[in-house]
There are 2 protein chains.
Amino acid sequence: MRVRLEDVARATGVSPKTVSRVLNEEPSVKESTRQRVLAAMESMNYRPSPAARGLAGSRSFLVAMLYDNNDNPASTYLAEIQDGVLDVCDANRYSMMVCPLRLRGKDFIRRLDALVAEHHIDGVIMTPPLTDDAPLLHRLKEHGVPHASISPQRREGSIGVCMDEPQAAKALVQHLIELGHRRIAHIVGIANHGASRWRLQGYKEALTAAGLPYDPDYVVQGEFTFGSGVMAARELFALPQFPTAIFAANDDMAAGVMWAAYERGLKVPRDLSVCGFDDTPMATQLWPPLTTVRQPSREMGKLAALQLMELLRGRGTGLLVQVPYSLQLRESTAAPPQAQG
Amino acid sequence: MRVRLEDVARATGVSPKTVSRVLNEEPSVKESTRQRVLAAMESMNYRPSPAARGLAGSRSFLVAMLYDNNDNPASTYLAEIQDGVLDVCDANRYSMMVCPLRLRGKDFIRRLDALVAEHHIDGVIMTPPLTDDAPLLHRLKEHGVPHASISPQRREGSIGVCMDEPQAAKALVQHLIELGHRRIAHIVGIANHGASRWRLQGYKEALTAAGLPYDPDYVVQGEFTFGSGVMAARELFALPQFPTAIFAANDDMAAGVMWAAYERGLKVPRDLSVCGFDDTPMATQLWPPLTTVRQPSREMGKLAALQLMELLRGRGTGLLVQVPYSLQLRESTAAPPQAQG
DNA sequence: GACAGAAATGACAGCGCTGTCAATTGGCGC
DNA sequence: GCGCCAATTGACAGCGCTGTCATTTCTGTC
């Protein structure tokens, strides 16, 4: 019925253990034997049973992608990452499980324990804000499960992938300044996300670099959601002298800002410049298309998974790879209404 | 180290096999024994090893979610479905694997074979357009893998979940007609999706019911993507007498229509009414908010998974559950520019 | 050409569970 | 109180692989 390792062994005239060695790319197998075994595997269309491998061996060939499905409004972000991770897992003959966690609910540690206990997970990929949850990280360390992070806040000691977000945000705001804007507002994201901090930081740095004052009234809290962008924008529009440009910490909130602008009868970019961050598909689908920063999520998922694979292979200790950002200058930003000094 | 079934057996004073029976909810276990075993499992925090269960038994407790990541632009749709499926799997102690297939590439059958051969998948959840791919269905039948579908085209013999899409589309177009529209265009979706057929059908039925003529010029082909919506709208705007309302087969294309309208200087809904289908988050984030049909994707994922669970439990033969739709009347539709007759 | 040591291979048990089939127990009629 | 059948439980092998450790086959050396 099913082709087993033993069948391949018999066909090749070697012991099952040797076939196992070839399967697991263990070093001490003579090249000629290796080739014969591989050929037999191929011709017999042999497929190792993950269950048996997991049961007998120490590895499960399973990685879990952990994410917080409370605090991740932009499903496209997660979907793209998942896609990238899956790609790399597939290529490396690993399976991937998706595992939504709820940081707020306090059972997420138990969910993790269950995952490790039941499935013997080999490794974990995490997305923000899980990447920086101390209890979670601690537990992973206790379990001894290797993990790679996407955009973790702590750079030292982290493995995975990141972007120079402060620099990207700074460049974006500098673009606004170059267009002539002086009253630039910022809508911050959810507090425990590194992205929120970095983007705010870049905003501040750009102002400082240009010698512009930092006005706390121009910095309002959002939640990375469209709705929170609307609310934040309304708040800003209520200021006696409202900004000529708004930099929202992500595209969803930027879309909310544009919505609120229309609601108020403001034309973008004539009356107000708007920019976001992430370059989700939505960015090019807004009217006018949104100026933003491209973040290559799919690629980042791949890179994080690749780092994890390195760890699992026992080669090296894993890196925190940095991917380049790129500004996407579109029609939602322009010179401010009245040229000021 | 690890708590095994044998440990639970010893603690309860029964044989491992009896514990196994309890674990698998087999009938012939005395209730008192059952309770004792369950109590021991609980107190010892016993977690069965899926690998061992899969290896020894005939079930793997694994279901795969199959989707085509070529032809599914709306990642939120898939993400929501995945979320729903995952929910139900979790609750039933099943694991879920996600498995993107590419119908176009001809290796997808091999991918499926590998999935079945390696992981001994217990069941499959499919999304359009996979639900109606003959070779795929045939192969699943050959493998004897139970499967549930989300919005399959063939109603008879299918198991899973669906919506009365023709009726929903008809109701939507009737709404336009009631508003006074007479020249209503439709943008069709990708050809091999049932959704495309059903929504077109509903469109036609509404016209017929109202005694309006069917004008082929008013029906243009799209691909469910934003970009294709833009193109289709431009095509329609090029007609000598262009429509006063456009019904796009999904929200993404409707967004494209609105984009194209702005591009041409048309105001929605003053100059043009636009409506979509699906009620993705985007629908409320457009300006003006989009009139559309709500499709409860998450719920549909759950229901399909529940049907699959029924199948896997051996209870009943599985149903094709129908979920209700609901019209979301928002500001993108209004009376046509000039009241006609 | 014999020998040490490395390289390559194999024998065997067992991972944690379930399927099969046999054994035990309990209930009931007479 | 005995026999019979159904309900309940248990013994045991084995799923397909890998870890451990033993064994064989090469190298090169003196």
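Order of the sequence lines sets the chain letters (A, B, ...), proteins ahead of strands, with each chain counted from 1. Note: hydrogens, waters and symmetry copies are ignored here, and every other heavy atom, side chains too, is used.
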Sugar-phosphate, base or nothing in reach of B:S28, heavy atoms under 4.0 Å: base
Atom-pair distance (CZ on A:R34; P on C:dA7), nearest Å: 17 Å
Separation of A:L306 CG from A:D87 CG (nearest 0.5 Å): 9.5 Å
Base-contact (B) and sugar-phosphate-only (S) positions in nucleotides 13-22 of chain D, heavy-atom cut-off under 4.0 Å, - elsewhere: -BBBBSBB--
Inter-residue atom distance A:T131.OG1 - A:L137.CG, 0.5 Å rounding: 7.5 Å
Which nucleotide in D:dA11, C:dG10, C:dT9 has an atom nearest any side-chain atom of B:S15: D:dA11
Pair B:D7 + B:R4, salt bridge at N-O below 4.0 Å: yes
B:R10, CZ atom: more than 12 neighbouring heavy atoms under 6.0 Å: yes
Charged N-O contact under 4.0 Å between A:R139 and A:D113: yes
